[in-house]
Amino acid sequence: MTLRILIHEVRELVSSALTSAGYPLTEFDVSEPPQQAFGDLSCNVAFLLSKHLKKPPPKIAMELAEALRQRIRGSSYILSMDPAGGYINFKANYARLSPAILSHVLSNPENYGYPNFGQDMHIIIEHTSINPNKALHVGHMRNVIIGDTLYRVMRATNHRTTVLNYIDDSGVQIADIVVGFKFAGFPVTPPTKNQKFDQYCGDEVYVKINEIYEKDPQVAEKRKLVLKEIEEGKSEIARFAMDITLRVLQEQLKTCWRMKAHYDLLNFETHIVGSKLWSKAFELLKSNGIAKYETEGKNKGCWVIESKEKKEEEDKVLVRSDGTATYIAKDIPYAAWKLGLVEDPFYYQEYTKQWDGSTLYATSLADVSGSNKSVDKKFNGGEQVITIIDSRQSRLQGIISQVLSKIGVNGNSHKYFHLSYEAVTLSSDTAKEFGIDIGDRQFMHMSGRKGIYVNADYVLDALHAKAYKEAKTRNPDFSDQQLNKIADEISISAIRYNMIKQDLDKIITFDIKESLSLEGDTGPYLQYAYARSQRILEKSEQGIIIAGRTNFAFEQLTHDSEIALIKEISKLDLVVENAVKSLCLKSLAHYAYNLAMTFNLFYEKVPVLREQDNEVRMARLGLVKAFGITLKNTLEVLGITALDRM
RNA sequence: GGGCCCAUAGUUCAGCUUGGAUAGAAUGGCUGCCUGCGGAGCAGUUGGUCGAGGGUUCGAGUCCCUCUGGGCCCA
């Protein structure tokens, strides 16, 4: 039993009342009214009918109420119904509802709130995909956290998930680092002790080589040479570049794993290039008449995609007249591979074990025998492909979707979906820490080239230090190991919640001071509510065993804050469903916050352990336990660990 | 020149997909609440011409149009 069933019941009642009162069946909404005083659910059908019936809504509501009143029987979960204004408000019968909801939660602790509508559908999610020449900064964190949360909620709703991380190992950015090492004298080992290799490459080599380019065009020339060698893939420089790529990648993955991100496959760009995927995809485009050869005009000698719909739009060049492919031509075959539109050219080998015990695979072009044996595994051919990239790529991604919709992706434009999000920028105060005064402006964009960004590890470390200190004052008897574990979980929770609670279309103005807050609308607030609930259960179990029991005298829970908590608990599956269907991940965060807040109110108002009446006390313990299950399952999809102590 | 996104309290944001009852949080400021199930909490108070104008509607923060300001992409 969840709120969903109650809503369904109200809908059925209203529908049949419409018929018997002589009104036409029409679409209407059943939702929660803005205030508890109006009831538990509210129906707006009278407003909608008044439009074409030219009758005032309150009058229609009154008439419908008559028909409804006869239908509400004693066996129903609905206690009463009242027309108010034009609304029809319903009050739930919690004496029946509460036992049904709470015993359902208690008997499904593992998967309560996770509706099974995925039905094993294969969803491919790509996220992270950071150039392997630098460490993650806060902007990358947003990408990782959006992607991993999506993966978690898809997995929880029984989708078959494959998470890809695209490694651009043949781009200019990696070439810049190689130039730094080979032609500008940077030592390959970081001169500062214990410096992470990704930070060294990004914070120092990359920033300084860009300064050198400005002054010395001869060094800038070397970049072209290095790029060419990497593309050809055989030389000593190419091998060196791959070595650097893998070392940076390893450090990047450590940071991602620190945030509890999970991946299934690393897709190396050099493998995509070397696999001849492009020529297969190109043939597909030609045979479908999508790619056209221009014989005149400014694109003479190029292969282009014509845009017929809008005349103002430029035709997109795929292959230049000199035979080189554009960046669009790189992305189309990869996208076609994801959807399974071209034959899979890759071998797969085990790359490494991850933090969660799962195996991370990598693409390969050869069937390698020996220790790195290829595995027979299918990573592509998703029924839906979701790519998480920032909004600057919207145009390119739009073109790719458009092209794919013409080949094989029959009519279903949602099969290839670009999940776009806005940038993370620096607040005025945080910009000042880089010695930059941005005047009246609200934010400033980060710049990798100029070294103006906040590293992910720096934020995690700062959060960790703060959480550690706080935890130690509250738990002076805890060991260093215990405190570190707690501080890990709190720091992850703070950053993950911070990055997911905001709308994807909004620029995040990152402020280092504000991001360190552990109070109010934050991840640790959620964990705190959970820890409080677990402490109550822990203390109670010295005298009373409630483990394994699912039925209590829940009908005796009648206090406002008890009812409010039960109602909030009953909504999780609706929230999860909405999060998946509208790809609205922030709604999970908002729900978690509301649930925790509702519990905190209950905690203030209603005593549990001090309750004298044995039955009521037991019922409250059952409620506390059900709350813990619900919050824990919500936090799980957010990638936040529910802590018993903090 | 063309396309996409954003604008709500001092600040950071919910609410807009699907129009509806008194526009909500957090944070900051001020004030209370720990011999009590953990104060990373709770309560109160302060703070809003929902960027501007027009339109649709019985009803617009929400839908449509124009404009302004900011951001991004393409040329």
Side-chain angles (χ1 to χ4, degrees), chain A residues 27-29 31 33-35 37-38 42 44 46-48 50-51 54-58 84-87 89 310-314 316 390-399 420-423 425 427-429 440-445 466-467 470-471 473-475 486 490 493-494 498 501-511 513-515 517-540 561 578 581-584 586-587 589-590 593-594 596-597 599-611 617 620-621 624 643 645-646:
Chain A
E27 287 292 307
F28 56 88
D29 200 32
S31 58
Q35 280 177 63
F38 295 133
S42 181
N44 67 346
F47 288 100
L48 301 171
S50 83
K51 215 157 236 169
K54 309 267 188 235
K55 244 169 137 177
Y87 290 96
N89 293 329
K310 297 176 194 167
K311 284 206 166 157
E312 313 85 52
E313 285 269 312
E314 286 283 314
K316 298 297 163 209
D390 69 63
S391 63
R392 288 174 303 181
Q393 302 258 20
S394 294
R395 186 186 197 78
L396 174 59
Q397 288 295 314
I399 295 165
S420 162
Y421 65 95
E422 270 294 343
T425 63
S427 72
S428 166
D429 282 349
D440 289 341
R441 288 184 302 152
Q442 295 290 303
F443 58 80
M444 188 187 81
H445 280 279
K466 191 169 175 187
E470 295 277 331
T473 59
R474 289 166 173 81
N475 305 284
I486 289 167
I490 291 173
S493 142
N498 195 15
K501 73 173 177 180
Q502 196 154 323
D503 195 282
L504 298 181
D505 284 335
K506 286 223 169 90
I507 292 171
I508 289 186
T509 307
F510 185 84
D511 185 87
K513 202 173 143 196
E514 229 167 79
S515 75
S517 167
L518 307 177
E519 288 163 19
D521 187 12
T522 65
Y525 175 91
L526 310 174
Q527 290 173 306
Y528 183 67
Y530 183 82
R532 279 177 141 186
S533 72
Q534 296 316 106
R535 289 289 276 168
I536 293 176
L537 296 176
E538 193 185 310
K539 291 196 173 180
S540 76
S561 59
N578 176 258
K581 294 205 166 152
S582 39
L583 294 180
C584 177
K586 70 178 173 193
S587 60
H590 294 308
Y593 182 70
N594 278 329
M597 193 166 54
F599 174 76
N600 276 332
L601 189 64
F602 161 83
Y603 186 93
E604 292 289 328
K605 301 271 185 199
V606 183
V608 178
L609 299 178
R610 280 176 286 123
E611 170 59 44
R617 187 174 63 250
R620 285 185 184 154
L621 283 167
V624 170
L643 295 170
R645 297 288 292 266
M646 63 186 278

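This one's a predicted model, so the numbers in the text were calculated from it and none came from an experiment. Every chain is numbered from 1 and lettered A, B, ... according to where its sequence line falls, protein lines coming before strand lines.
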For nucleotides [N] and [M], find the distance between their [atom1] atoms and express it as a whole number of Å.
{"N": "B:rG61", "M": "B:rG53", "atom1": "P", "answer": "12 Å"}
{"N": "B:rA21", "M": "B:rU27", "atom1": "P", "answer": "27 Å"}
{"N": "B:rA9", "M": "B:rC13", "atom1": "C1'", "answer": "11 Å"}
{"N": "B:rC30", "M": "B:rA52", "atom1": "C1'", "answer": "35 Å"}
{"N": "B:rG2", "M": "B:rU62", "atom1": "P", "answer": "26 Å"}
{"N": "B:rG44", "M": "B:rG24", "atom1": "P", "answer": "13 Å"}
{"N": "B:rG47", "M": "B:rG3", "atom1": "C1'", "answer": "39 Å"}
{"N": "B:rA7", "M": "B:rA14", "atom1": "P", "answer": "8 Å"}

Whether [X] side chain and [Y] backbone form a donor-acceptor pair below 3.5 Å:
{"X": "A:Asp511", "Y": "A:Ser427", "value": "no"}
{"X": "A:Thr425", "Y": "A:Ile508", "value": "yes"}
{"X": "A:Asn475", "Y": "A:Ala471", "value": "yes"}
{"X": "A:Arg617", "Y": "A:Val608", "value": "no"}
{"X": "A:Lys501", "Y": "A:Ser587", "value": "no"}

Inset, instruction - Go through RNA chain B and write down every stem, that is, every run of at least three consecutive Watson-Crick or G-U wobble pairs with distances under 3.5 Å, as range with range. - result: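 So the stems come out as B:1-7 with B:68-74, B:10-13 with B:24-27, B:28-33 with B:41-46, B:51-55 with B:63-67.
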Rounded to whole Å, please give me the gap between [atom1] in [X] and [atom2] in [N].
{"X": "A:Asp511", "N": "B:rG28", "atom1": "CG", "atom2": "C1'", "answer": "13 Å"}
{"X": "A:Asn498", "N": "B:rU12", "atom1": "CG", "atom2": "C1'", "answer": "10 Å"}
{"X": "A:Leu48", "N": "B:rG19", "atom1": "CG", "atom2": "C1'", "answer": "10 Å"}
{"X": "A:Ile508", "N": "B:rU12", "atom1": "CD1", "atom2": "C1'", "answer": "11 Å"}
{"X": "A:Glu514", "N": "B:rG28", "atom1": "CD", "atom2": "C1'", "answer": "10 Å"}
{"X": "A:Tyr421", "N": "B:rG71", "atom1": "OH", "atom2": "C1'", "answer": "16 Å"}
{"X": "A:Phe28", "N": "B:rG19", "atom1": "CZ", "atom2": "P", "answer": "15 Å"}
{"X": "A:Asn594", "N": "B:rA25", "atom1": "CG", "atom2": "P", "answer": "11 Å"}

Legend entry - 4.5 Å side-chain heavy-atom contact, A:Pro524 and A:Glu470: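 Sidechains of A:Glu470 and A:Pro524: no contact.
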Check whether any side-chain nitrogen or oxygen of [X] sits under 4.0 Å from OP1 or OP2 of [N], and answer yes or no.
{"X": "A:Asn600", "N": "B:rG41", "answer": "no"}
{"X": "A:His445", "N": "B:rC72", "answer": "yes"}
{"X": "A:Lys586", "N": "B:rG15", "answer": "yes"}

Looking at [atom1] of [X] and [atom2] of [Y], how far apart are the two atoms once the value is rounded to the nearest 0.5 Å?
{"X": "A:Asp390", "Y": "A:Glu422", "atom1": "CG", "atom2": "CD", "result": "8.0 Å"}
{"X": "A:Tyr528", "Y": "A:Leu518", "atom1": "OH", "atom2": "CG", "result": "13.0 Å"}
{"X": "A:Gln397", "Y": "A:Arg392", "atom1": "CD", "atom2": "CZ", "result": "13.0 Å"}

Would you mind telling me which of [options] lies closest to the side-chain atoms of [X]?
{"X": "A:Glu519", "options": "B:rA40, B:rC72, B:rA14", "value": "B:rA40"}
{"X": "A:Tyr593", "options": "B:rG71, B:rA21, B:rA26", "value": "B:rA26"}
{"X": "A:Asp505", "options": "B:rA14, B:rC5, B:rC72", "value": "B:rC5"}
{"X": "A:Ile490", "options": "B:rG15, B:rA21, B:rA40", "value": "B:rA40"}
{"X": "A:Arg395", "options": "B:rU12, B:rC5, B:rC74", "value": "B:rC74"}
{"X": "A:Gln502", "options": "B:rU18, B:rC73, B:rC13", "value": "B:rC13"}

Name the nucleic acid region contacted by [X], choosing base, sugar-phosphate or nothing; use a 4.0 angstrom heavy-atom cut-off, strictly under.
{"X": "A:Leu518", "answer": "base"}
{"X": "A:Gln527", "answer": "nothing"}
{"X": "A:Pro33", "answer": "base"}
{"X": "A:Asp503", "answer": "sugar-phosphate"}
{"X": "A:Lys501", "answer": "nothing"}
{"X": "A:Ser42", "answer": "base"}
{"X": "A:Phe47", "answer": "base"}

Legend entry - Chi-based syn or anti call at B:rC72, which uses purine or pyrimidine torsion atoms and a 90° bound: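 Base orientation relative to the sugar is anti.
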Taking N or O atoms only and anything under 3.5 Å, show me the protein contacts with nucleotides 29-38 of chain B, one pair per line.
{"from": "B:rC37", "atom 1": "O3'", "to": "A:Lys539", "atom 2": "NZ", "distance (Å)": "3.4"}
{"from": "B:rC37", "atom 1": "O2'", "to": "A:Tyr603", "atom 2": "OH", "distance (Å)": "2.9"}
{"from": "B:rC37", "atom 1": "O2", "to": "A:Leu609", "atom 2": "N", "distance (Å)": "3.2"}
{"from": "B:rC37", "atom 1": "N3", "to": "A:Val608", "atom 2": "N", "distance (Å)": "3.0"}
{"from": "B:rC37", "atom 1": "N4", "to": "A:Tyr603", "atom 2": "O", "distance (Å)": "2.8"}
{"from": "B:rC37", "atom 1": "N4", "to": "A:Val606", "atom 2": "O", "distance (Å)": "2.3"}
{"from": "B:rC37", "atom 1": "N4", "to": "A:Pro607", "atom 2": "N", "distance (Å)": "3.4"}
{"from": "B:rG38", "atom 1": "OP2", "to": "A:Lys539", "atom 2": "NZ", "distance (Å)": "3.0"}
{"from": "B:rG38", "atom 1": "O5'", "to": "A:Tyr603", "atom 2": "OH", "distance (Å)": "3.4"}
{"from": "B:rG38", "atom 1": "O2'", "to": "A:Tyr528", "atom 2": "OH", "distance (Å)": "2.4"}
{"from": "B:rG38", "atom 1": "O2'", "to": "A:Arg532", "atom 2": "NE", "distance (Å)": "3.3"}
{"from": "B:rG38", "atom 1": "N7", "to": "A:Arg535", "atom 2": "NE", "distance (Å)": "3.2"}
{"from": "B:rG38", "atom 1": "O6", "to": "A:Met646", "atom 2": "N", "distance (Å)": "3.3"}
{"from": "B:rG38", "atom 1": "N1", "to": "A:Met646", "atom 2": "O", "distance (Å)": "3.0"}
{"from": "B:rG38", "atom 1": "N2", "to": "A:Arg474", "atom 2": "NE", "distance (Å)": "3.2"}

Legend entry - Step-by-step salt bridge (Lys or Arg N to Asp or Glu O under 4.0 Å) determination, A:Lys513 to A:Asp429: CA-CA 9 Å; A:Lys513 202 173 143 196; A:Asp429 282 349; over 6 Å; no
Inset, instruction - Classify the side chain of A:Thr522 and the base of B:rA26 as holding, or not holding, a donor-acceptor pair under 3.5 Å. - result: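 No such pair is found, so the answer is no.
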Inset, instruction - Ignoring hydrogens and angles, answer whether the base of B:rA21 and the side-chain atoms of A:Asn44 contain a donor-acceptor pair closer than 3.5 Å. - result: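 Side chain to base: no pair present.
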Inset, instruction - Ignoring hydrogens and angles, state whether a donor on the side chain of A:Asn600 or A:Tyr525 is under 3.5 Å from an acceptor on the partner side chain. - result: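 Yes, side-chain donor-acceptor contact under 3.5 Å.
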Inset, instruction - Would you please classify the geometry between the A:Phe599 ring and the A:Phe602 ring as parallel, tilted or perpendicular, with 30° and 60° separating the classes? - result: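 Rings of A:Phe602 and A:Phe599: tilted, as their planes differ by 30° to 60°.
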Inset, instruction - Identify, between A:Gln35 and A:Gln442, the residue whose nearest nucleotide on RNA chain B lies closer to the 5' end. - result: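 It is A:Gln442 whose nearest nucleotide is closer to the 5' end.
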Legend entry - Residues, nucleotides or ligands: over 12 heavy atoms within 6.0 Å of A:Lys55 NZ: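 Counting other residues, nucleotides and ligands, NZ of A:Lys55 exceeds 12 neighbours.
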